[in-house]
Amino acid sequence: EPSNGQIPVGLQLAYAAFDREGRPVDVEWRATGGTITRTGVGTAIFTAGDERGVFRVVASRGSGPNDTVEVPVEIVEGDCLVGVWELDSQDFIDQIVSIAGADFPPGASMSHVGGRYVVTTYPDGTTDDRREEWTWEISSSAGAIFVIFDGVETGTWAVDNDDDTLNEGFLHVQTTGGAITVRLESSFGPLPGGNQTFPADALGAAATYRCSPETLEVTTTQEGHTITARFIRTDEPVEPRPGPGMEPGTEPAADPGTVP
C-alpha cells in the first residue's frame with residue numbers, strides 16, 4: 001500500500017507490502033519517476049523526482065508470474081502545504097498567555113513540557129491533526145497543573161491564492177471527525193473530573209497562511225484576537241491512508257505496458 005499513490009514533486013511516500021494475512025513480506029523494491037529506499041521488512045520510502053506524470057512502484061519477491069506487484073504512483077505539481085508539520089508549541093502558548101493578559105493568574109506561568117502537536121496535510125486535500133501526549137504545565141506558587149492532550153482530528157483543507165503568490169493566501173480548514181482526550185494531573189494530588197474526551201465538532205475555519213519549504217505560518221482571528229501558529233516541516237514521509245495492500249504472491253503482476 002498504497003495501491004494508487006499520489007505525491008507532490010520532491011516529497012516522500014511510504015510503501016508497505018503484506019501477504020493475505022496482513023504479515024509484512026520482505027521484497028525487492030524498484031521505482032520509476034524517483035527513488036525508493038528499503039526501510040525494513042516489507043517497507044520502503046519513495047522520493048518523488050522532478051518530473052510530473054504517472055510512474056510505477058514495483059515490489060518483487062521472486063521470479064514467478066505471481067511474485068511481483070506493480071502499482072502506479074502519480075507525481076503532481078507540488079503544493080507547499082503538503083507534508084508533516086510540527087507546531088512550535090512554546091511560541092503558541094506564549095501567544096495565548098499574552099492574549100489572556102490580566103485574566104491570567106498573577107505570578108503564574110505556562111509552558112510546553114512534553115509531547116507534540118503534528119499536522120499532516122495530504123495531497124488529496126485531507127488532514128490529520130495529532131496531539132501526541134501534548135503537555136502544558138501551568139505553574140504557580142501553589143504547585144503545578146499539567147494539561148495533557150492526546151488524540152487525532154481529521155479534516156479537509158483548501159487554499160485560495162493568486163498565481164503570483166502560490167505560497168501564501170487564504171486557508172480554509174474543515175474538521176470532519178476524530179476526538180481529543182484531555183486529562184489533568186497535578187503536583188499536589190488528584191484533580192476532580194478525571195480524563196475528558198471531546199469529540200471533534202464539524203467546524204470550519206478560515207485563516208491566512210504563508211508557507212516555505214521549511215516553515216508554515218497559519219494566522220487566525222477570533223473574537224478580536226489574532227494568533228499565529230508557527231510550524232516546522234519534519235522529515236517524516238506523508239504516510240498513506242489505509243487502503244488495499246500490495247500483496248506479492250497473491251495478485252498477478254500488472255501489465256508493464258499500462259503504467260509508464
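- Atom OG1 in T47 sits 4.0 Å away from atom CD in Q12 (nearest 0.5 Å).
- Here the side chains of F46 and I75 are in contact, with some heavy-atom distance below 4.5 Å.
- The CG atom of L13 sits 12.0 Å away from atom CD of E74, with the distance rounded to the nearest 0.5 Å.
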Could you walk me through whether L184 and F146 satisfy the side chain to side chain contact (heavy atoms under 4.5 Å, CB included) test, starting with their C-alpha distance in whole Å, then the side-chain angles of each, then the deciding distance to 0.1 Å, before giving a yes or no?
CA-CA 6 Å; L184 301 178; F146 300 92; over 6 Å; no
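- In this structure, the side chain of Q95 engages the main chain of T228 through a donor-acceptor pair within 3.5 Å.
- Note that the OG1 atom of T154 and the OH atom of Y122 stand 10.0 Å from one another [nearest 0.5 Å].
- M110 and F104 get closest at one heavy-atom pair: CB-CZ, 3.9 Å.
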Derivation and outcome, side chain to side chain contact (heavy atoms under 4.5 Å, CB included), residues V118 and L87
CA-CA 6 Å; V118 181; L87 179 68; over 6 Å; no
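- Salt-bridge annotation for E153 and R131: present, with a side-chain N of the basic residue lying under 4.0 Å from a carboxylate O of the acidic one.
- Minimum interatomic distance between A31 and I36 (heavy atoms only, all atoms of both residues): CB-CG2, 3.8 Å.
- Atoms CD and OG, from E70 and S60 in turn, are 9.0 Å apart once rounded to the nearest 0.5 Å.
- A donor-acceptor contact shorter than 3.5 Å links the side chain of R52 to the backbone of D50.
- Heavy-atom neighbours of E28 CD from other residues, nucleotides or ligands within 6.0 Å: at or below the threshold of 12.
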Pair Y209, L81 - check side chain to side chain contact (heavy atoms under 4.5 Å, CB included), show working.
CA-CA 9 Å; Y209 79 98; L81 265 73; 3.0 Å; yes
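- Taken to the nearest 0.5 Å, the CD1 atom of I145 stands 6.5 Å off from the OG atom of S186.
- Between D26 and R38, at least one side-chain N (NZ, or NE/NH1/NH2) sits under 4.0 Å from a carboxylate O, which counts as a salt bridge.
- In this structure, the side chains of T208 and L171 stay at 4.5 Å or more apart for every pair of heavy atoms.
- At a threshold of 4.5 Å between non-hydrogen side-chain atoms, the residues W136 and I93 count as touching.
- Here the shortest heavy-atom pairing between R130 and V152 reads CG-CG2, 3.9 Å.
- Looking at residues two or more places apart in sequence or on another chain, you find a side-chain contact (heavy atoms from CB on, under 4.5 Å) between E21 and D19, R23.
- T220 and A207 get closest at one heavy-atom pair: CG2-CB, 3.4 Å.
- A 6.0 Å sphere centred on CZ of R210 holds no more than 12 heavy atoms belonging to other residues, nucleotides or ligands.
- Hydrophobic cluster membership is shared by V119 and I96, with clusters built from Ile, Leu, Val, Met, Phe, Trp and Tyr side chains linked at under 4.5 angstrom.
- No donor-acceptor contact under 3.5 angstrom links the side chains of T156 and Q174, judged on distance only.
- S187 places a side-chain N or O within 3.5 Å of a backbone atom of A144 that can act as its donor or acceptor partner.
- Aromatic rings from W134 and F149 are positioned such that their centres are separated by under 6.0 Å.
- The backbone N or O of E133 lies less than 3.5 Å from a partner atom in the side chain of T135, making a donor-acceptor pair.
- With rounding to the nearest 0.5 Å, the separation of CZ in F231 from OG1 in T121 is 9.5 Å.
- You'll find the side chain of P72 stays beyond 4.5 Å of the side chain of R56, heavy atoms only.
- Contact record, R233 with G83: NH1-CA, 3.7 Å, taken as the closest heavy-atom pair.
- Under 4.0 Å is where a charged nitrogen must lie from a carboxylate oxygen, and between E185 and R183 at least one such pair does.
- With a 6.0 Å radius and a threshold of 12 heavy atoms from other residues, nucleotides or ligands, Q90 has its CD atom above the threshold.
- Remark: side-chain polar atoms of E217 are not paired, donor with acceptor, to backbone N or O of R230 under 3.5 angstrom.
- Looking at W29 and V58, their side chains never come closer than 4.5 Å, going by heavy atoms from C-beta outward.
- The two residues V27 and A59 make their nearest non-hydrogen contact at CG2-CB, 3.9 Å.
- Looking only at distances, a side-chain donor or acceptor of S212 sits under 3.5 Å from a matching main-chain atom of T215.
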Apply side chain to side chain contact (heavy atoms under 4.5 Å, CB included) to residues T43 and Y15 and explain how you reach the verdict.
CA-CA 6 Å; T43 59; Y15 279 85; over 6 Å; no
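- Note on V147 and V97: same hydrophobic cluster, where clusters join Ile, Leu, Val, Met, Phe, Trp and Tyr whose side-chain heavy atoms are under 4.5 Å apart, directly or indirectly.
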